[in-house]
2 protein chains.
Amino acid sequence: MKDARPCSIADTLALVGEKYSLLVLREVSLGATRFDQLVRNIGAPRDVLTARLKRLVDAGVLKKVEYSDRPKRYEYRPTEAGLELVPVLWTLMAWGDRHLHADGDRPMVIEHICGHELVPQVVCAECGNEVQHGDLSAHPQAPGWTVTGPAAA
Amino acid sequence: MKDARPCSIADTLALVGEKYSLLVLREVSLGATRFDQLVRNIGAPRDVLTARLKRLVDAGVLKKVEYSDRPKRYEYRPTEAGLELVPVLWTLMAWGDRHLHADGDRPMVIEHICGHELVPQVVCAECGNEVQHGDLSAHPQAPGWTVTGPAAA
DNA sequence: TGAGCGAGTTCGTTCTTCGAACTCACTGAG
DNA sequence: CTCAGTGAGTTCGAAGAACGAACTCGCTCA
């Protein structure tokens, strides 16, 4: 990572891309907000989880909310910024369902309020069309980039 | 990760969630497909990159394409499955631009074919509405899940 | 009085990562 | 022909992170 390109993808992954971080977000977004629930549901070592939670709180992705005075107890809830990251999880889930559980035995199904099973799709907010790889062009704003142009499959 | 919940998010992250893997996908999707380009642009140690590339090829996210016989040289290109993962990158980038570069000095801008700057949005493929956290409900299909229901901010 | 719980902390071992140096198969210049 | 250079890795020792079991601390309830 020494002399890497400046990049918001890399910056975001530096925050939430460590092992377990996105699984923490999955859990808190589903309502499992307490330390021992997270340990159980994610299967992470307690000390690692402690470190991840601290990082996510410091970054403003999670916030600690006191749910008991005496003894002081806190639960972890997603912030607005954290919730904005949740769609990434559904997109990853859909990819995993498609490519890693092609047999159809998906571990979980998400239902959208419209009544259908959620199939997340990434669209351009401006024109509403699905984002296709070939429809994009990169415009570096910072030094360090020499883009060859999107590659074909 | 011992006794974790069965989950396509976790499964997907086990494949592409290791350090550098998604940055490899960023590079190859932008056309930097060769080993030394990846080393330079990502800043990863060469041996780690070797391991990541092998994993991504084995998983069917990348494929090796020979571009020179004598000496044998291969480049790494995204497969169809790999390209399906790319929208995740733009979503992460947008989050980073919004929350980590709030001052506006974004390292890169992506332009959509519609002429506007790309602002990716995750929608329900069925009804076309933006996916809001509160509009979803989880339906576990496998044992190991006890969902409390979506949490509020 | 004493078991139990939630939320961590501690600690020794094991697994990864790091980065510099090295290898191997060539190519192209002198 | 020789020799510097290049691309794509491999090797290796040191440093750092993850693992998991055990322990602590504050408190509650029987």
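First the proteins, then the strands, lettered A, B, ... as listed; each starts at 1.
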Could you tell me whether the phosphate oxygens of [N], OP1 or OP2, come under 4.0 Å of any side-chain nitrogen or oxygen in [X]?
X       : N      : answer
B/Lys72 : C/dC24 : no
B/Tyr20 : C/dT16 : no
A/Tyr76 : C/dG6  : no
B/Lys54 : D/dG9  : no

For [X] and [N], what is the distance between atoms [atom1] and [atom2] respectively, to the nearest whole Å?
X       : N      : atom1 : atom2 : value
A/Glu18 : D/dA17 : CD    : P     : 9 Å
B/Lys64 : D/dG7  : NZ    : P     : 17 Å
B/Phe35 : C/dT23 : CZ    : C1'   : 13 Å
A/Arg34 : C/dG8  : CZ    : P     : 12 Å
A/Ile42 : D/dG20 : CD1   : P     : 14 Å
A/Leu53 : C/dG6  : CG    : P     : 16 Å
A/Tyr67 : C/dG8  : OH    : C1'   : 12 Å
A/Leu23 : D/dA18 : CG    : P     : 14 Å

Review point. Between A/Met1 and A/Tyr74, which has a closest nucleotide on DNA chain C that is more 5'?
Key: A/Tyr74
So which protein N/O to nucleotides 22-24 of chain D N/O distances come out below 3.5 Å?
none

Point to revise | Axial cation check for B/Tyr67 ring with B/Arg77, 6.0 Å and 45° limits | key: no
Practice item. Identify which one of A/Leu25, A/Leu22, A/Val16 satisfies the side chain to side chain contact (heavy atoms under 4.5 Å, CB included) criterion when paired with A/Leu56. Key: A/Val16
Exercise for review: Would you indicate what A/Arg52 reaches in the nucleic acid, counting non-hydrogen atoms under 4.0 angstrom: base, sugar-phosphate, or nothing?
Suggested key: sugar-phosphate
Tell me whether [X] contacts the main-chain N or O of [Y] through its side chain, where contact means a donor paired with an acceptor under 3.5 Å.
X        : Y       : result
A/Thr33  : A/Val28 : no
A/Trp95  : B/Ala81 : yes
A/Thr79  : A/Lys63 : no
A/His133 : B/Ser29 : yes

Pick out the pairs of N or O atoms, protein on one side and nucleotides 1-6 of chain D on the other, that lie under 3.5 Å.
none

Is any NZ, NE, NH1 or NH2 atom of the basic residue among [X] and [Y] found under 4.0 Å from an Asp or Glu carboxylate oxygen of the other?
X       : Y       : result
B/Arg5  : A/Glu27 : yes
B/Glu18 : B/Arg55 : yes
A/Lys72 : A/Glu66 : yes

Review point. Is the shortest heavy-atom distance from the side chain of A/Pro107 to the side chain of B/Gln141 under 4.5 Å?
Key: no
**Study point:** B/Thr50 vs A/Ala44, nearer the 5' end of DNA chain D by closest nucleotide
**Key:** B/Thr50
Check your understanding: Pick the nucleotide of DNA chain D nearest each of A/Pro71 and A/Ala51; which residue has the one closer to the 5' end?
Key -> A/Ala51
Review point. What about A/Asp36: does its side chain form a donor-acceptor pair under 3.5 Å with the base of C/dC5?
Key: no
Revision key, fill the gap. Out of D/dC19, C/dA7, C/dC18, minimum distance to the side chain of B/Asp47 belongs to C/dC18
Exercise for review: Check every atom of C/dC18, C/dC11, C/dA7 against the side chain of B/Lys19 and return the nucleotide holding the closest atom.
Suggested key: C/dC18
